[in-house]
Each structure stands twice: as structure tokens, then as C-alpha cells.
K.L.:
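A single structure is presented below for examination.
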Amino acid sequence: MPEGHTVHRIARQLGLDLVGHRLAVSSPQGRFAAGARRLDGQLLVASRAVGKQLFLEFESGDVLRVHLGLYGAWDFYGRLTPLTPGAVARGSMGAPRLRRAVRMGEDEREVGADAGIDHPFPPEPVGQVRVRLASAETVADLRGPSACEVLDPSQAALAVARLGPDPAADLAEWPGYAPLSNPSTNGQATDAALGSAPSPRSVMIDRLTSRSVAVGQLLMDQSVVAGIGNIYRAELLFRARLDPHTPGRRVPRETAGALWDDWAVLLAEGIRTGVIITRDLTPTEHTDALTDPTLRNWVYHRTGLPCLVSGTPVVVEEMANRNLYWCPTCQK
DNA sequence: TCATCATGCCGAT
DNA sequence: TCGGCCTGATGAT
């Protein structure tokens, strides 16, 4: 299930295998029939992720905006370009081109490398497929999204502008969009002096430190910083040894900046591997963690277990309508 | 085999 | 604050 890293991986997969192709767009489920008609037959020109949202730009300027919500996912069939070495993959890497399906939207796994050989292409839709994007060789099926809509360019720009900065978004190449998320600059204090647009990092710091809401809530607020979900929230706070209840206003700017920097590192690593590993592990442990979720994190899903640093039992409480895991000894 | 829960978020109430 | 989305993993039965 999707925090920002997953959506970036999906954007990249679609970028590799469907961008530059003229697509057959359909809605086997029927709930997106009108939108599918509007996009059917168009060239897909760009695939971008901002936070947890996916923006697919077509030649007409129409943009398909997708949010996976809690259990949305993309299923890929047919020819797929391997994303990144080091990613979670069962079966051989760089194996045969033909794969029955690769699911993205949860911890990813590849269904047997040659499982598709006996199956027709394109395959029958499985379950409630809201949208199918199909080139001659690759099919991407979207199921269970919480948002799936066609926007015109100005509506899409508005949707992006409503989001906080994302360290992995490269909006510089997206003409007309908020100049918020150019990750190449990390502008410390020079923005004003240079008269340039504020850096994403400084935007995040400003938004996080200007409110009295608990930092544990602010990290989940997609207008403060985009892409962080419940796991990354808990783990970022632990890594910073920060009490989740600290009001944003009381978080020193240096601490807020360190949170941004750490998020950028964790996100990049999540995009690379496809899983959320937040502990500092040896290479061997890291390999084990790719297949064993219980090895990956400091506090997430570890209620009652001893904190790996202090030994204090990890506690869970509700914050921002979600379970928040933290160590009362380390984070104060 | 069944019930519950989950890495999210929106809109109705 | 609650239900919807309508999936898949997990743990209880």
C-alpha cells in the first residue's frame, strides 16, 4: 500500500513502458467510462508523481489524476522494463520480458517470471478495473483507487499547488506548475536574498514550524509535506528522537530541516527498493529485511515490543485518525 | 473459512 | 465523526 515511494515507482514504470505510446484507454468496471472515452487513443506524454498522487499527461493537455487511497493498486501485464536493481523481486531479475502481472501499490511482488506464457494478451481484467491503459505490448490496470479523474491543465496545476513539497518530484520540467518542488536547490537562507522562489525545503520548514498542531499530525498533512504516510511518519519522528506531540511551533527550524533531509533520504531509498526500510542495517540484514517486514522499522507495528534503542516498550496511540507508534523514552 | 484491519483521503452528516 | 472505496494480508475459528 502506497506512501509516496510507491507512487513514484508507479510513475516511473508507466514512464518507461507507456509514455510515448498511443494508448487504448478503457474502464472495464464502467465507473470511469466517460473519462476513458476522453483519453482513448491519445498519446501519453508524461507520467509524474507528487506526494501520493499520480499525474498522467496526455497530448491534448488532459491530465489523469489518480490517488490510490488505502487499497488501490496497479497491475502490470506484458512487456515491462525492470525498474531498479535492488528492488524487491521474486523470480529472477532481468528474467524473461513476459510476466503475467506485477502489482504495485503494496509491497511488490512479481508473479512467476513465465507465468504469463499460457495466458492470452491482453489478459482478462481481474476484479474491478477502474481504468485500463494499454499499448500494443503493455497493459496497466488500476483497481480500487480513491480518486481517478481527468483534469484540464489549469485544474491539474491547482491540484499540484494544493500539495506541499515532495523531495522526489521534479516539477521543473512541468511547464506552468508551481515552482515549489525543485529539489536541485536546497536553499537554506538565500531564497529571499536571491529573489528566487522559495525552495521546497524552506517551504516545508515554514509550514511545519508555523502551526501549533502536533508535529505528528503535521507530517501527515499533505499540504505541509507531500508523500509521508503512517509508517514514514512514525519512523521519521523516531529517527529524529522527536516527541510526536510537540507543537509545530516548538520544533526548531534546524530540526524541521533535518526532518526534510531525512525524508528525502528515506524516500529515495524507498523508491529504489520498493519497501520502507528505516533502520540502519548491515548489507546482510538489509537483504533479509527486503522479505521480512518485521526487520525494517524502529517502532512501526512494534507495540509492546522493547524499543531497539532504549528497551522501553513501544506504545501506540491514535493521532490524526491513525495509529501512531513511538518510544516514550527516546522521543521526548 | 471468516472477520478484522490497513502504508488514505474525501464527502456527507 | 462516519461511511465509502471494494483489495489483500493476517489472525482467529
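Source: prediction; values computed, not measured. Hydrogens, waters and symmetry mates are skipped; everything else that's a heavy atom, side chains included, is used. We name chains A, B, ... by the order of the sequence lines, and we start the count at 1 in each one.
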K.L.:
Does a side-chain N or O from A/Arg143 land closer than 4.0 Å to OP1 or OP2 of C/dC5, or not?
P.N.:
no
K.L.:
Below 4.0 angstrom from OP1 or OP2 of B/dG8, is there any side-chain N or O of A/Arg322?
P.N.:
yes
K.L.:
Test A/Trp326 against A/Phe238 for ring pair (Phe, Tyr, Trp, His ring centres under 6.0 Å), laying out the working first.
P.N.:
CA-CA 7 Å; A/Trp326 61 292; A/Phe238 180 86; over 10 Å; no
K.L.:
So A/Leu64 and A/Phe32, do their side chains get closer than 4.5 Å, heavy atoms only?
P.N.:
yes
K.L.:
With a 3.5 Å cut-off and no angle check, do the side chains of A/Thr282 and A/Thr284 form a donor-acceptor pair?
P.N.:
no
K.L.:
For DNA chain C, what string of dots and brackets results from 5' to 3' when Watson-Crick and G-U pairs need both distances under 3.5 Å, crossing pairs get [ ], and pairs with another strand get |?
P.N.:
|||||.||||||.
K.L.:
Under 3.5 Å, is there a donor on one side chain and an acceptor on the other for A/Asp166 and A/His8?
P.N.:
yes
K.L.:
For the pair made of CG in A/Asp75 and C1' in C/dT7, what is the distance, rounded to whole Å?
P.N.:
10 Å
K.L.:
Looking at A/Asp261 and A/Arg201, does any basic side-chain N land under 4.0 Å from a carboxylate oxygen?
P.N.:
yes
K.L.:
Expressed as a whole number of Å, how far does the P atom of B/dC5 sit from that of C/dG3?
P.N.:
14 Å
K.L.:
Roughly how many Å apart are C/dG8 and B/dC10, using the C1' atom of each and rounding to a whole number?
P.N.:
22 Å
K.L.:
Atom CD of A/Gln222 to atom C1' of B/dT7: distance rounded to whole Å?
P.N.:
12 Å
K.L.:
Rounded to whole Å, please give me the gap between CE in A/Met220 and P in B/dC10.
P.N.:
12 Å
K.L.:
Nearest whole Å is fine: how far is C/dG4 P from A/Gln128 CD?
P.N.:
16 Å
K.L.:
Rounded to whole angstrom units, what separation is found between the CE atom of A/Met319 and the C1' atom of B/dG8?
P.N.:
18 Å
K.L.:
What I'd like to find out is whether the side chain of A/Arg239 reaches to under 4.5 Å of the side chain of A/Leu266, using heavy atoms alone.
P.N.:
yes
K.L.:
Would a hydrophobic clustering, with Ile, Leu, Val, Met, Phe, Trp and Tyr connected at side-chain separations under 4.5 Å, put A/Ile276 with A/Met220?
P.N.:
no
K.L.:
Any side-chain N or O of A/Asn323 under 4.0 Å from OP1/OP2 of B/dA6?
P.N.:
yes
K.L.:
Any side-chain N or O of A/Tyr71 under 4.0 Å from OP1/OP2 of B/dG8?
P.N.:
no
K.L.:
How close or far is atom C1' of B/dC9 from atom CZ of A/Arg162, stated in whole angstroms?
P.N.:
13 Å
K.L.:
Just the rounded figure in Å: distance from P of B/dG8 to CG of A/Leu324.
P.N.:
13 Å
K.L.:
Does the cation-pi check pass for A/Arg302 over A/Tyr300, that is, NZ or CZ under 6.0 Å from the six-membered ring centre and within 45° of its axis?
P.N.:
no
K.L.:
Using a cut-off of 4.0 Å on non-hydrogen atoms, how would the nucleic acid contact of A/Tyr300 be classed: base, sugar-phosphate, or nothing?
P.N.:
sugar-phosphate
K.L.:
Looking at B/dC9, I'd like to know if its phosphate oxygens (OP1 or OP2) sit under 4.0 Å from a side-chain N or O belonging to A/His67.
P.N.:
yes
K.L.:
Heavy atoms within less than 4.0 Å of DNA chain C: which residues of residues 24-40 of chain A have one? Give them sorted by number.
P.N.:
A/Gln29, A/Arg31
K.L.:
Round to a whole Å and report the spacing from CG of A/Leu70 to C1' of B/dC5.
P.N.:
9 Å
K.L.:
Side-chain contact test, heavy atoms from C-beta onward, threshold under 4.5 Å: evaluate it for A/Leu219 versus A/Val224 and give yes or no.
P.N.:
no
K.L.:
With heavy-atom distances below 4.5 Å as the criterion, would you say the side chains of A/Thr138 and A/Leu80 are in contact?
P.N.:
yes
K.L.:
Counting only side-chain nitrogens and oxygens, does A/Lys52 get under 4.0 Å of the OP1 or OP2 atom of B/dT7?
P.N.:
no
